[in-house]
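Worth saying up front: this structure is predicted, and the values here are computed from it rather than measured. As a basis for the values below, the full set of heavy atoms in this structure was taken, side chains included, without hydrogen atoms, waters or symmetry mates.
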Amino acid sequence: MQIERVQAGAFGPFVDEELELAPGMTVLHGPNESGKSSWHAALYAGLCGLRRTKGGRRKEDREFIARHQPWDGGGWRAGVTLTLDDGRRIEIRHDLAGQVDCRATDLALGRDVSNDVLYEGSPDGAAFLGLTRRTLPAILCVRQADLLGVVDDAHELQETLQRAAATGGTDATAEQALSRIAEFRKEQVGLERVNATKPLMAAVRARQDAQTALAAARAEHDAYLGLTVARDRAHEDAEEAESRHTAVRAAVLHAELETLCARVDEARALAARYAGQPPADLEDDHDLDQHVAAALAAHERRPRPVQLEGEPAEQLESALAALPAAPDGDVEPHPSVTQALRDWERAADALRAHEHGAPTPGAGAPALSGVTVAELRQTADELETPLPAVDPALAARVAGLRAPAAGGSGRLAPVAVGAGALLAVTGLGLVAAGGVAVGAVLLVIGAMSAALGWRGRARPHTDRDTAVLEARLAVQEDVLEQARQRKEVAGRRAAAWGVDADPGQLRRLAFELDQAQGAQQRRAQWDDEHRRRQADVAARRAALAHALSARGWPVDVSDEPAAAAAGYQDDCRARASVAAQAARRAGLTEQLQARRAAEAAAHEQQRQNDEADRLVVAAAQRAGIGGGRVDELVAALQGWQRERTASRQARRQAHEGWQRLEFLLDGRTLDELDAEVARRRETLAHLPADEAVHLESDVDAQLARAEQAVRAAAAHAATLQGQVTDRERRLPSVAEAEEALERAHAEEQRLRRLAATLDTAARLLQDAKERVHRNIAPRLQAAIAPRLPRVTAGCYAEALVDPETLQVKVREHGGSWRDAALLSHGTAEQIYLLLRVAMAEHLCITGETAPLVLDDVTVQADAERTQAILALLHELSRERQVILFSQEDDVRAWAEAHLDDERDRLVELKLGTTA
Amino acid sequence: MRLVLFSDLHLDTPFAWAPPQVARARRQMLRDTLVAVVELAERVHADALLCGGDLYEHDRVSADTGAFLRATFGDAGRPVLLAPGNHDHVGPSSVYVQADWSDNVHVFTEARLTPLPLADGLTLWGAAHRAPANTDGFFERPFRVDRGGVHLALFHGSERSALPFEDEGKRPHAPFGRDDLDAAGIHHAFLGHYHRPRDDPRYTYPGNPAPLTFGEDGLRGAVVVDVDDDGTVQRERHRVATSAAHDVTLDVTGCACLQDVRARAHAALRELDGVARVTVTGELSADVDLHLPADLSLHGLGLGQSGLEAVVVRTAGVRTAYDLEAIKTEATVRGEFVRDVLDAGLDEDERQRVLTVGLRALDGRDDLEVA
């Protein structure tokens, strides 16, 4: 885009003036108040116009209007004529006052293209660049302060780039926006953590508290409603209790009324019986009644007549006198005597039986002195024992061995085995028969011979084998010799006894000797027993004598105890007879006493009967009954008594009836009782009678219980009523609790929604920033790099732009990177201008080449820096239109020296004048 | 026979939108409305006062409300006939059972239509809800009046053909149809439940007499009913609410500054009384430093001395006046951000909020919360 001219119809100090601009670089030079700012504003207003609004304007709009409205009135207009890169020439006219006649016109076609660039209600020439009237100044206009900022603050360059990247330089950087959102979220929302104190957590707590409060309020309300129901039930219970009490009372009254009515009826009947007069008093002769009653009672109690049986007392006394005296001594044998007699008789019988069994004498013993039965039998045994034999085979073998024949021992082995076995069997037989010693020797020899023979059967005999066989044979021969010697000794022993060495004779003598010794022993034992039994008989006889003596029947030594005992027994029988006679005395005496008592009792009975009869007679006389027998008098008196009792009963009933009447009236009259009945009926008529009540036996207790139930129910109802009243006073408002919860909930939701909005905005903004920075960083880098050696006089050859932070760094070839903001002021200024151009190219998204407008950008620079800036701008003007406003003479001088007449232009602005 | 009919007063109902003192005042306003209804009955010499249910809200009712009702109806000077609804259903703990009503008060307590002679040849059939929900229609079981004369009905129910015109979520308690009235021999039914007033030749919904929320339309209040001998009715509606609830839309489009917004709001509200809900709509310049709801509150607008009791502020699609079409063409972070937001698939409200937050942050502004 190239702005050819600016028209100021009426704008600030201008009236219908135009400013021609060169396609390259235009320097507008003039002192203060020469109209530089007005042309700057007219350029902006002519290109972009003003926002068209229905209401009030923005502050900057209002300031712009106040500052640049025509000083001398007239239609406030401004416009530009421009040429786009594609060759189209566009004329833009703005009716700044009325904002009605604002349009953009394609001069070649004469077509209104306003709608193509319409923005906020009016044509905006910035739209040809992809900008707006709001962003264009920040992107295309470089102010004096911009360069100053870069020079004064090392970070301004980076921030300026960031701001430009974010908002085209109009407002905050993306980082600042993100920080602002984060800070806002932190303070106005906060985190939802337990210990957090910021609004969100406070709102959550408030909502939870409100929920709790609402639940409590509802619970209180429900409890209150439930309590009212309970109270009503209690009132109903109280009414029911009262009703029941009334029913009980009515039932009691009804029962009492019935009783009263019966009482009145009874009283009325009794009153009719007595006609108002009480019965006569009872006048009884109680003494006569008692007299008669006593007489009849005595007659009734009189004893029955007693019939005496048995001998009279006189006869009994005579018989008693005739009885003998009781004898002295035993009337029957004393047990000691009878026992002693039985013992004596039993001992005598035993002696006789012993004597009858005396042993008969046996044959005499053989005449062998000093010889025992055992010796005889041993000697017989020894004589009967056969002599042992020497093994002939062994003897033959030994004899052979003793002969000088070779291999003899080998042939002897079977013989030795057989001989050994034979000897062993013989030895065993002797052992079994009692010849232990000889048998054992034979058994050993036989076993050894058999063993040697067995060993020698398979091998040739040796000298050693020969010696063994010889020893075995020697043993057999020795045993034979010993047996022969014992048999000889036994023979000599028998000879010494004077008997033959015949074992049979010896055994017979042993038997006889044994029998004779047994007979002698049995006779001695009989004799001992006979003597003991004789002594026993004597002792029993003495004991019998002693017993008899003790019972007064002395016994002499010569007396036969049996006879003495018989005498004693006869004497006992005699005394027993006398004693039996004497024994009747006690019975007779007792019989006599009983007879005497019976006779006295009979006498007394008779006396009593007589007395009873007398009383009956006396009572009859007193009762006015005369003559007759006693039993007739008694019957008459009993009849008299019955009549008296009937009369008395009738009078008593009359008196009782009167007393009953007095009781029933209880001091009142029948009329009064009738009135009482009527009154009670009236009372009952006012009581409900719709409930049947069963009256208990104790109606007072029943009534008391009913009254107690009334009091208890009433108290319960009153208690519940009190509780209801108490709850009513402190009953929370459910509606208010619900409202509080709704407010708390709404506040929480507002904060949660706000948090979500802030988080989403921050996330999207962060993403946008990162993408834009990644996109813009290479462009900026490419814009600086080619010109970097020239603007830094060759000091730096490479440039780098950090896509994260847009920080610009430079370095020499192969050197280390340096922050561009830390370079010299002049270098920084030029790099800044290069970056602004690059940024403008980036932000002007239509591809249109954007002009660059600079306002006194060299005012703070020294001459050298000014020259460098102007040279750079002039270089840039080859690619885009550069419009420079300046008040410095150095700039004008530079322009006069360097501007090209074909492409550039110097415009001198005069004080108080226009272009 | 002249009757005064009302229903759906909803005493003790919560006003969730209101701050505590305002909510309490609104509940008092409901009571004042009942007093106004009673006064209307006195003024028109009504023979009886009828309530079609939802007189109060059982779950929130206070003891004071019970005392208030007993005293108010006791002083009404005429029969007061009450047909409990679903919100004030009859139960052991309901005010209808708990209150020691004066003799002139008759409560229909059966969940079926029971007769109450109003005059010779004129019978009022009333029924009650005995549960907060699931009450069957009173005509579902075959019902037919059992005597001659004119028959009126009083109950809380949902006429089926009118249900679609009610607010969404309105549940059809005790539903019935006009043909049910014909079949039953009812000449006219006085009803409650629908808050929107409805005068049908065969039935009358008076609507809630006092505003319960904003945006209520129609002439809601008490209905003076003259019953002719043939059972036809002549109706005249009366406003009885002692305070109004206004719904005001405030379009902020074109407002260049807060003062412009305040001026528009002030102009819209200054003549009003009661409570007002201000719905802010339109396109608001990004430069306007508007803080909602504070800037449009009663105090913020300086309307404390006006007839208004409270102002509730809400927004409805209000947009910040950013030229998004222009911004999104920028090669800046801002343009990239706008493009991302527009492509992020957010719902309209969230998109507006996110855009406003991001653009305000990029503008260097600290007022990042968007109403």
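Enclosure of atom NE2 in A:His235 by more than 12 non-hydrogen atoms of other residues, nucleotides or ligands within 6.0 angstrom is indicated. Within a 6.0 Å radius of CD in B:Gln21, other residues, nucleotides and ligands contribute 12 heavy atoms or fewer. Residue A:Arg752 places its CZ atom among more than 12 non-hydrogen atoms of other residues, nucleotides or ligands, all under 6.0 Å distant.
With A:Glu739 contributing its side chain and B:Phe15 its backbone, the two residues share a donor-acceptor pair below 3.5 Å. No donor-acceptor pair closer than 3.5 Å links the side chain of B:Arg60 to the backbone N or O of A:Ala735. Judged by distance alone, the side chain of A:Arg743 and the main-chain N or O of B:Ala18 form a donor-acceptor pair under 3.5 Å.
B:Asp363 touches chain A through backbone and side chain together, each having a heavy atom under 4.5 Å away. For A:Leu754, the part lying under 4.5 angstrom from a heavy atom of chain B is the side chain only. Interface remark: B:Leu346 contributes side-chain atoms only to the contact with chain A (heavy atom separation under 4.5 Å). Looking at B:Arg339, there are no atoms closer than 4.5 Å to chain A (heavy atoms on both sides), in backbone or side chain. Only the side chain of A:Arg134 comes within contact range of chain B, with at least one heavy atom under 4.5 Å from a heavy atom of that chain. Contact annotation for A:Ser179: neither backbone nor side-chain heavy atoms come within less than 4.5 Å of a heavy atom of chain B. The parts of A:Val229 that come within reach of chain B are both its backbone and its side chain, each placing non-hydrogen atoms under 4.5 angstrom from that chain. For chain B, the nearby part of A:Thr132 is the side chain; its heavy atoms alone come within less than 4.5 Å.
Put simply, CG on B:Asp366 and CD on A:Glu183 are 9.0 Å apart, with the number rounded to the nearest 0.5 Å.
You'll find the side chain of A:His221 reaches within 4.5 Å of the side chain of B:Val61, heavy atoms only. B:Arg334 has its side chain within reach of A:Thr135: a pair of non-hydrogen atoms, C-beta onward, lies under 4.5 Å apart. Side chains of B:Arg360 and A:Arg180 form no contact here, defined as non-hydrogen atoms less than 4.5 Å apart.
Shortest non-hydrogen contact noted between A:Gly130 and B:Thr329 is O-OG1, 4.4 Å. Nearest heavy-atom pair across B:Ala63 and A:Glu728 is CB-CG, 3.2 Å. Pairing each heavy atom of A:Val772 with each of B:Thr332, the nearest pair is CG2-O, 3.6 Å.
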Practice prompt. Start with the C-alpha gap between B:Asp59 and A:Arg218, add the side-chain angles, then the distance that decides, and say whether side chain to side chain contact (heavy atoms under 4.5 Å, CB included) holds.
Written response: CA-CA 8 Å; B:Asp59 291 342; A:Arg218 282 178 172 159; over 6 Å; no
Worksheet entry | side chain to side chain contact (heavy atoms under 4.5 Å, CB included) evaluation trace for A:Leu765 with B:Leu362 | CA-CA 9 Å; A:Leu765 191 56; B:Leu362 287 169; 3.8 Å; yes
Item to complete: Before giving the answer on side chain to side chain contact (heavy atoms under 4.5 Å, CB included), spell out for A:Leu225 and B:His58 the whole-Å C-alpha distance, their side-chain angles and the decisive distance to 0.1 Å.
Response: CA-CA 9 Å; A:Leu225 294 179; B:His58 174 79; 3.4 Å; yes
Fill in: A:Phe184 vs B:Glu369, side chain to side chain contact (heavy atoms under 4.5 Å, CB included): CA-CA, chis, key distance, verdict
CA-CA 9 Å; A:Phe184 188 85; B:Glu369 183 170 4; 3.8 Å; yes
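For the set B:Glu325, B:Gln259, B:Arg27, B:Glu57, the entry with the most heavy-atom pairs within less than 4.5 Å of chain A is B:Arg27. With respect to chain B, the highest number of heavy-atom pairs below 4.5 Å among A:Ile776, A:Ile181, A:Leu731 belongs to A:Ile181. Between chain B and the residues A:Arg231, A:Gln188, A:Gln766, A:His773, the most heavy-atom pairs under 4.5 angstrom are made by A:Arg231.
Across B:Asp343, B:Val357, B:Asp340, a single residue satisfies side chain to side chain contact (heavy atoms under 4.5 Å, CB included) together with A:Leu764, and that is B:Asp340. With B:Val333 as the fixed residue, the side chain to side chain contact (heavy atoms under 4.5 Å, CB included) test singles out one of A:Lys769, A:Glu175, A:Glu770: A:Lys769.
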